[in-house]
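As structure tokens, the structure follows; a few thoughts come after it.
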Amino acid sequence: MKKSPSLIAALVLCMGLNVFPVLAQSETEADDDFDTIMIDDQGLTITADAPAASGPSAPVQTPYGSHNEVSAEQIQDQGSLDLLDTLRDVPGVVSSKQGIIGTTTGANIYIRGRGYDHPSLGITTSFDGVPRHGLIYGQSMADGFPVFAADSIEVYKSPQPSSFATGYGLVNVTPKYMAEQGWEAQTGFSYGSFQTIGENASFGVRKGRFDIFAAQSWVSTNGHVVHSKAYQQSYYLNAGLWINAYWNLRLLGNGVDAETQKPPQIGQSKDDILPYYTTDTIFTTATLNNEYDKANGFIKLYYNNTDFRIMDEDNRPPSGWSKQLLNGAGGRAKESWYLWDGGEIVSGIDLDFSKVSNEDHNPPPRAADYYEFPDMLLFTPYAAVSHFFELKKFRIIPSAGLRGYIQSVWANAIAPQAGLELGYGNTNVNFNYSFGVLYPSPGNIQNIVLSGNYDVDDLKQSKPETVHHYEVSLRHDWRDIRLINTAAAASLGGSWFFDDGHDRIVPNPTGAPGNVSAASYFRIQGFEFNSSFSIEQNFMFLEKFTLFAGGAWIYNIEAKGEDGTIVNRMPYTPVFSMSTGFTWRFLKRFRFSGDYQYIKDLYGAGGLGNYAIFTDLSDAYKLDDQHLVNLRLACEFAYKKWRIEKAEIFVAANNVLNHTYQYYVGYEMPGITYSLGVDFKFK
């Protein structure tokens, strides 16, 4: 391939940011799908070969940290219809909701005990590598993420300054696009208990330098109890143009309209006025990618407009309502440089601008409240470096990185990270340290914004909440195991982690904007494990069988609020959780899959009026242990005469044990549910 211009390379390195974008769908990971790019007498030729997907329990290790991936195939095997359900088999992740599909408000994604504790941006959600979440209060806005547009979902369970800027963790949806030459169309429909419907249709074409992929989806349910309906409608477009063999432009757009009703709590009357939530969002990105032999990277621009409303907010007539207007815009620039054998330099910048407001339309005779939050601009340049040393059969990969934070409202900050990987054969040991930065969300100053009794310059005295993250992991892979003419593979791994958090954010101060408490802290220690096994054989009843398992044990929790209270239990931080799943292919056409989740000692929401003061949860908020079994059987077929390349008819059952469980105190989830459906892929 052509070498990248040395003059531009030197300039970009000096500036510490990127000029060339990469063949990637997100800022966090390059697009590895393209194996070869070449020009011949027929013009530009692109061949694609999708890499094998790892199970949701097995972490993907990089020199700068690890993350888990949930593939589109895994999402299909789970039968997931909303974002939260796609995460159910990722170790250390707990998601909460009150109905079959859809989310209400507040935090609902929790990773290793973080994400619940205050209106914050602790666990952020992104689409195509850029923010798509509740910019005022930090909620995930899961209703705005169409599952049928997801090629995979990445879950970062610790701060990683070289991968994302703020927060303790990140859930990033990598979007679908047309990867292969030719055309394809796909459609599917499912129907299940409580009139739960899932429908999707898509069409994609790739011809020479141009590709386009368009999709539409609809999911809805009548709900398992009164006032628990939900729906989501999505329209999605992703188009690309190859400028030459090294440069590629992608344009993405997505519009979502969703509504979720909040069901009554046990003991409430169906005649009570209950709230419901609407989400209308328009999201778009433009990405310029490049790949040379010594450098690859991308520049990405984005815009996100979301209108989020809480209707019937007061449970007495006449009811009130509120509206959050969220406007986010900015960009990402990242370049990876390979200037010497075994070495890598990563440089980039993130730029995020947000303009948000909130309206509270109170029941008469109270007047409406209007909150105009200050505009916020966050600029974060970063750089990281790693080098691969090989000493006979040993591998050594040290790495280090640094990210700066320039914030227009809050105090500036800086975050380092470092790592060391030691390898021998199929065994790897990783040591990682990272420093996490968490800025207050605008919702934390809502009271003083309404009063007008503040000065933006005063807010610059408020430093962010921080966490020191330490992690040690070990993994061994057994590849190409031969068992009597049978190919098999397996892996086993585990990791120890420790989070030491300081300067807790104080929500909604009524006086001067003192937004952090130096006396508050939290410390969480835990252990995660993961394993997988696969076997292939041409037996009639065993063509391919895969099995994965993972879990998290949090054995030490200590948290202190600014009132001096020290507690050793926190909401949505189960002492032990695990998940396991399998896929079994047999008789040429059949695929049987299933998974199981177990959660022990889970405390739900409640009694947390002041989130910054850690409330010692009583047993009244302890939820029953969860045992959930889900199964799905599919029959696959093809019919070339109608150009049906692949089709399947399936039947599924969730919560097969008919187990009674809750994520929130007083809100029981449905018992056993059934669904059946069809999917067709034309080519």
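Only a predicted model underlies this, so the values are computations on that prediction, with no experimental measurement involved.
Here Phe283 pairs with Phe127 under the ring-ring contact (aromatic ring centres under 6.0 Å, His included) rule; sequence neighbours left out. Take Glu471 and apply the salt bridge (charged side-chain N to carboxylate O under 4.0 Å, His left out) test, not counting sequence neighbours, and it matches Arg112. In this structure Arg585 satisfies the salt bridge (charged side-chain N to carboxylate O under 4.0 Å, His left out) test together with Glu73, Glu636, sequence neighbours excluded. Partners of Tyr439 under the side-chain hydrogen bond (donor to acceptor under 3.5 Å, both in side chains) rule, at least two apart in sequence or in another chain, do not exist in this structure. Partners of Thr380 by side-chain hydrogen bond (donor to acceptor under 3.5 Å, both in side chains), not counting sequence neighbours, listed by chain and number: Arg403. Evaluation of the side chain to side chain contact (heavy atoms under 4.5 Å, CB included) rule for Glu421 yields Gln61, Ile397, Asn428, Asn430 as partners, not counting sequence neighbours. By the side chain to side chain contact (heavy atoms under 4.5 Å, CB included) test, Tyr470 is found to be paired with Tyr433, His468, Trp496, Phe498, residues two or more places apart in sequence or in another chain being considered. Under the rule for a side-chain hydrogen bond (donor to acceptor under 3.5 Å, both in side chains), Ser202 has no partner lying at least two apart in sequence or in another chain. Annotation: side chain to side chain contact (heavy atoms under 4.5 Å, CB included) contacts of Tyr424 (sequence neighbours excluded): Lys393, Phe394. Applying the salt bridge (charged side-chain N to carboxylate O under 4.0 Å, His left out) rule to Asp679 yields no partners; only residues at least two apart in sequence or on another chain are considered. Not counting sequence neighbours, Glu344 has no partner by the salt bridge (charged side-chain N to carboxylate O under 4.0 Å, His left out) test.
Put simply, the side chain of Val155 does not reach to within 4.5 Å of the side chain of His67, judged on heavy atoms. With contacts defined as side-chain heavy-atom distances shorter than 4.5 Å, the pair Pro398/Phe389 qualifies.
Rounding to the nearest 0.5 Å gives a distance of 7.5 Å between CG of Asp352 and OG1 of Thr166. In this structure, OG1 on Thr427 lies 8.0 Å from CH2 on Trp478, to the nearest 0.5 angstrom. Within the model, atoms CD of Glu184 and CE of Met178 stand 4.0 Å from one another, a figure rounded to the nearest 0.5 Å. Once rounded to the nearest 0.5 Å, the distance linking OG of Ser217 with OH of Tyr236 reads 11.0 Å. Rounded to the nearest 0.5 Å, atoms CG (Asp143) and CD1 (Ile101) are 8.0 Å apart. The CG atom of Asn172 sits 9.5 Å away from the OG1 atom of Thr125 when rounded to the nearest 0.5 Å.
For Glu291 and Asn289, the side-chain atoms include no donor-acceptor pair closer than 3.5 Å. Side-chain atoms of Ser140 and Asn108 include a donor-acceptor pair closer than 3.5 Å. Side-chain contact, Tyr64 with Ser386: a donor N or O sits under 3.5 Å from an acceptor N or O. Side-chain atoms of Trp584 and Ser593 form no donor-acceptor pair, as typed in the model, at a separation below 3.5 Å. Judged purely by distance below 3.5 Å, without hydrogens or angles, the side chains of Tyr168 and Ser158 never pair a donor atom with an acceptor atom.
Aromatic ring pairs are classed by plane angle as parallel below 30°, tilted from 30° to 60° and perpendicular above 60°; the pair Tyr598 and Tyr596 is parallel. The aromatic rings of Tyr156 and Phe164 stand perpendicular to each other, their planes meeting at an angle above 60°, with 30° marking the opposite boundary.
For the residue pair Trp337 and Ala295, the shortest heavy atom distance occurs at CE3-CB, 3.6 Å. Annotation for Pro131 and Arg332: closest pair CD-NH2, 3.3 Å, computed over non-hydrogen atoms. Annotation for Ser491 and Asp477: closest pair CB-OD1, 3.0 Å, computed over non-hydrogen atoms. When all heavy atoms of Pro146 and Gln232 are compared, the pair lying nearest together is CA-OE1, 3.6 Å. Pairing each heavy atom of Ala489 with each of Ile481, the nearest pair is CA-CD1, 4.2 Å. The two residues Ser57 and Asn530 have their closest heavy-atom pair at O-CB, 3.1 Å.
The main-chain N or O of Leu492 is never found under 3.5 Å from a side-chain atom of Ser531 such that the two would form a donor-acceptor pair. In this structure, Glu465 contributes its side chain and Val437 its backbone to no donor-acceptor pair below 3.5 Å. Judged by distance alone, the side chain of Asn68 and the main-chain N or O of Pro56 form a donor-acceptor pair under 3.5 Å. Of the possible polar contacts, none joining the Arg250 side chain to the Tyr177 backbone as a donor-acceptor pair under 3.5 Å is found. Formation of a donor-acceptor pair under 3.5 Å by the Lys300 side chain with backbone atoms of Gly330 is not found in this model. In this structure, Arg479 contributes its side chain and Ala488 its backbone to no donor-acceptor pair below 3.5 Å.
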- Task: Evaluate the criterion side chain to side chain donor-acceptor pair (under 3.5 Å) for residue pair Ser80 and Asp85; output intermediate values, then yes/no.
- Result: CA-CA 6 Å; Ser80 299; Asp85 192 61; 2.8 Å; yes
- Walk me through it: do Asn630 and Gln597 pass the test side chain to side chain donor-acceptor pair (under 3.5 Å)? CA-CA 9 Å; Asn630 312 291; Gln597 296 86 39; 3.3 Å; yes
- Test salt bridge (Lys or Arg N to Asp or Glu O under 4.0 Å) on Arg523 and Asp500 and set out the steps. CA-CA 5 Å; Arg523 297 180 182 123; Asp500 183 14; 3.4 Å; yes
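By the neighbour-count criterion of 12 heavy atoms within 6.0 Å, atom CG of Asn556 is densely surrounded, having more than that number from other residues, nucleotides or ligands.
Tested against Asp350 for a side-chain contact (heavy atoms from CB on, under 4.5 Å), the candidates Phe379, Tyr382, Tyr405 yield a single pass: Tyr382.
Comment: Glu648 engages Arg632 in a salt bridge, judged by a side-chain N to carboxylate O separation of less than 4.0 angstrom.
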Mind listing the side-chain donor-acceptor pairs of residues 575-583 below 3.5 Å, one per line with the distance, residues two or more places apart or on another chain?
| unit_1 | atom_1 | unit_2 | atom_2 | d |
| --- | --- | --- | --- | --- |
| Ser579 | OG | Asp89 | O | 3.1 |
| Thr580 | OG1 | Phe548 | O | 2.8 |
| Thr583 | OG1 | Asp77 | OD2 | 3.4 |

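Close placement of the Tyr292 and Tyr246 rings is indicated, their centers lying within 6.0 Å of each other.
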